[in-house]
Every structure is written in C-alpha cells, then in structure tokens.
Novice: 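Just passing along the structure, written as structure tokens.
For clarity, every value in this text was computed on a predicted model and none was experimentally measured. All chains are named by letter (A, B, ...) in the order of the sequence lines, taking the proteins before the strands, and each is independently numbered beginning at 1.
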Amino acid sequence: MESGAVRVAFDSSLEAEYSAAGTTYSKLPSSRYRGVVPQPNGRWGAQIYKRQKRVWLGTFVDEAEAARAYDVAAQRFRGRDAVTNFVPLSAEDEEGALALAFLAKHSKAEIVDMLRKHTFLDELRHSKRASAGAFGVSRRRAQSYHETARVMLFEKAVTPSDVGKLNRLVIPKQHAETHFQFWSGTAEGSKGVLLNFEDAAGKVWRFRYSYWNSSQSYVLTKGWIRFVKEKNLKPGDVIRFWQSTGPEKQLYIERRDAESPVRLFGVNISEGQAG
DNA sequence: GTATGTGTTGAT
DNA sequence: TCAACACATACG
C-alpha cells in the first residue's frame, strides 16, 4: 500500500494547492472508510448521521483513526446492527464486553465529546483498570491486546517438523535478524532468552528464543509444543507475529484465520499501515 | 493565517 | 443515511 512518506508528500501537495490561492479548490481524495471525509488540509474528519442531522466526531491525522472513531460512535448510536469499518465489538470476549459496557454507561454526547477530544481510548483504559480491580482480573491482561496498537512483524507457514515432536519452531533467519534483532544478541552464543507472546485470547505464552549453532538457525523452543497442541497446529498453518508499537514492545502470536480481522481499537494491521 | 466543522445538495 | 463540495467561522 502507500508508505507514510508517500502519503505525507501527497497531502502536502494538496495542502499547497489549497492554501496557495485561498479560494482555489481541487478535488479531495475520498476515504475508503465509512463516516470519514477528507479535510482540505489533508486530515480526515469523522461524522455520523442521526435523525437527518450530522454529528461531527472530530478531525484526525490518520484516516483509519477517523474510521475507528466512526465505529465507536456507530456502535454507541446504533447498537448491535451498526455497520462498522472494522470488526465490531463483541460481548463474547471480555475485552469487547468491557468496551460495550463502557459505551452503554456514557451518553451519546459524552462519547462524541471523547472522540472529538481524542480521549476515548484513555477513558476506556481507565474504566478498564477500575473494573479489572472489581472483578479480580489481572491488570496486565485487561490492558493488552484490543486497544494496543500493533504491527505485524512476519508470518510463517509452519512445517511438519515445526509442529512435530521436536518442540521447536524455526524462525526464518531473515525474519529473526530483522524483527528479533533486539534479542538476537542474547540468543546467539548463549542459552537464549525467554520471550512472552500474547495470543488473540490474551493468553500469554512463554517460549525460549535461541540460536542453534549446529543448524545455524534461530528457534523457539521450550514451551512451543504446548502452543502447537492447544492451537492444534497442522503443517501449512500460518502463524503471525506481531509487536505493539508502544514502548513496551509486547510480542504477539496468533494463527492466521480465514480473515484476520482488523481490531477495532488496534491500529490497522492487515492493510499494511505499519510505520 | 490555518484548521475545523457547517450549510447544502445530490446520490444511494 | 451518506459523502462531496463550498465556505463561514473558530481558533491560536
């Protein structure tokens, strides 16, 4: 897709065109997202209609961020049958249930206000901390996954030996040295390092990441077989590795399903918006 | 001055 | 209900 650099250049050319003549307008790029409209300065507005009236949800630098704002409003305004840009919240999972509860206990006006001020995620986080305490849920768990911005690092179709009895997954060298570089130093020449990976359900898996001199390979060992069994991984299945974009650098692992969903409160992922 | 958000209209 | 377009006005 487009790189950030390309997008910025594109936007600034538009901006120049707009500001130069003051009243000379040119065609603005449409958004591929519902509820998102372009702004003359290259940013994106979000809006939703209710009772023949437009409700303005604010302006955003990121097109996808505007789309997520729309999704939040849509789900608050229209409930279960809201049409959304990304995967809608579900009461089936804990994260979704908490978010839905959060939506329900605030008025439409309050939600809109949060969106316009860009404080929605923060407020949701605070609310989650509170309910995590009340329900005895671990805070670590409550804050992970859904509202965390992530980028995909790489994926691999597992081989028969990856899912056999060897209790190891080979990380293609190129990917290991590109994405696990930070830990490679530790992995190489020593006993490796224990890394935590979180799966889509929020469960944390701990694997040893190390370098095998004998085969010149980077591998995940210790603990890997449990993941294979629980996920019922078969040869050819594709697993994906992700990492949060924040300072924590949390790692994620998940099997690629039929359609890997884009998370509502995560940054867009499957459409290549990384960095 | 620029950024934001409204007035308005035609399409779906 | 929706987005495109033009533009008024809020804002720093």
Novice: Within this structure, what is the NE2-to-C1' distance between A:H118 and B:dA3, rounded to whole angstrom?
Specialist: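 One finds 12 Å between C1' of B:dA3 and NE2 of A:H118, rounded.
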Novice: Please check if the distance between the ring centroids of A:F86 and A:Y33 is under 6.0 Å.
Specialist: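 Yes, close enough.
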Novice: One thing to verify: whether A:R256 and A:D237 come together as a salt bridge, which I'm taking to mean a side-chain N less than 4.0 angstrom from a carboxylate O.
Specialist: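 Result for this pair is no, no salt bridge flagged.
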Novice: Take atom OH of A:Y49 and atom P of B:dA11, then tell me their distance rounded to the nearest Å.
Specialist: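 After rounding, the gap between these two atoms is 15 Å.
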Novice: Examine distances only and state if a side-chain atom of A:Q75 and a backbone atom of A:L89 form a donor-acceptor pair shorter than 3.5 Å.
Specialist: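 Such a contact is found between A:Q75 side chain and A:L89 backbone.
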Novice: Strictly by modelled atom types, are A:N232 and A:K234 linked by a side-chain donor-acceptor pair under 3.5 Å?
Specialist: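 Yes.
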Novice: Taking side-chain contact (heavy atoms from CB on, under 4.5 Å) as the test, write out the residues that go with A:K229, two or more places apart.
Specialist: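 Per chain and number, A:K229 pairs via side-chain contact (heavy atoms from CB on, under 4.5 Å) with A:I225.
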Novice: Taking OP1 and OP2 of C:dA3, is either one under 4.0 Å from a side-chain nitrogen or oxygen of A:Y33?
Specialist: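 It does not, given that no N or O in the side chain of A:Y33 lies less than 4.0 Å from OP1 or OP2 of C:dA3.
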Novice: Just checking A:F77: base, sugar-phosphate only, or nothing, at a heavy-atom cut-off of under 4.0 Å?
Specialist: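 Nothing: the residue A:F77, judged by heavy atoms under 4.0 Å, touches no strand.
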Novice: Can a side chain N or O of A:S30 be found less than 4.0 Å away from OP1 or OP2 on C:dA4?
Specialist: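 Checking C:dA4 against A:S30, a side-chain N or O does come within under 4.0 Å of OP1 or OP2.
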Novice: What nitrogen or oxygen pairs link the protein and nucleotides 4-6 of chain B at under 3.5 Å?
Specialist:
{"from": "B:dT4", "atom 1": "OP1", "to": "A:T59", "atom 2": "OG1", "distance (Å)": "3.4"}
{"from": "B:dT4", "atom 1": "OP2", "to": "A:N41", "atom 2": "ND2", "distance (Å)": "3.2"}
{"from": "B:dT4", "atom 1": "OP2", "to": "A:R43", "atom 2": "NE", "distance (Å)": "3.2"}
{"from": "B:dG5", "atom 1": "OP1", "to": "A:R116", "atom 2": "NH2", "distance (Å)": "3.0"}
{"from": "B:dG5", "atom 1": "OP2", "to": "A:W56", "atom 2": "NE1", "distance (Å)": "2.8"}
{"from": "B:dG5", "atom 1": "O5'", "to": "A:W56", "atom 2": "NE1", "distance (Å)": "3.3"}
{"from": "B:dG5", "atom 1": "N7", "to": "A:Q39", "atom 2": "NE2", "distance (Å)": "2.8"}

Novice: Between A:F197 and A:F207, is the ring centre distance below 6.0 Å?
Specialist: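 Ring-ring flag for A:F197/A:F207: true, centres closer than 6.0 Å.
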Novice: Can you tell which of A:I239, A:V219, A:T221 makes a side chain to side chain contact (heavy atoms under 4.5 Å, CB included) with A:L169?
Specialist: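 Only one of A:I239, A:V219, A:T221 forms a side chain to side chain contact (heavy atoms under 4.5 Å, CB included) with A:L169, namely A:I239.
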Novice: Please determine whether a side-chain nitrogen or oxygen atom of A:R34 lies at a distance below 4.0 Å from atom OP1 or OP2 of C:dC2.
Specialist: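 So the side-chain polar atoms of A:R34 do come within 4.0 Å of the phosphate oxygens OP1 or OP2 of C:dC2, strictly under.
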Novice: Measure from CZ on A:R51 to P on C:dC2 and round the result to the nearest Å.
Specialist: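 Taking atom P of C:dC2 as the reference, CZ of A:R51 is at 15 Å.
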Novice: Could you list the protein-to-nucleotides 10-12 of chain C atom pairs, N/O on both sides, closer than 3.5 Å?
Specialist:
none

Novice: Take the protein atom CH2 of A:W44 and the nucleotide atom C1' of C:dA3, then report the distance between them rounded to whole Å.
Specialist: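 One finds 12 Å between C1' of C:dA3 and CH2 of A:W44, rounded.
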Novice: Indicate whether any N or O donor in one side chain lies under 3.5 Å from an N or O acceptor in the other, for A:S31 and A:E63.
Specialist: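 Side-chain D/A pair, A:S31 to A:E63: present.
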Novice: Just how far, in rounded Å, is C1' of C:dC7 from CG of A:L28?
Specialist: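 Result: 13 Å.
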Novice: Rounded to the Å, how far apart are A:I48 CD1 and C:dT1 C1'?
Specialist: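 Value for this atom pair: 10 Å.
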Novice: Tell me whether A:D199 is salt-bridged to A:R255, with the criterion being a basic N under 4.0 Å from an acidic carboxylate O.
Specialist: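 Judged by the 4.0 Å cut-off on N to carboxylate O distance, A:D199 and A:R255 do not form a salt bridge.
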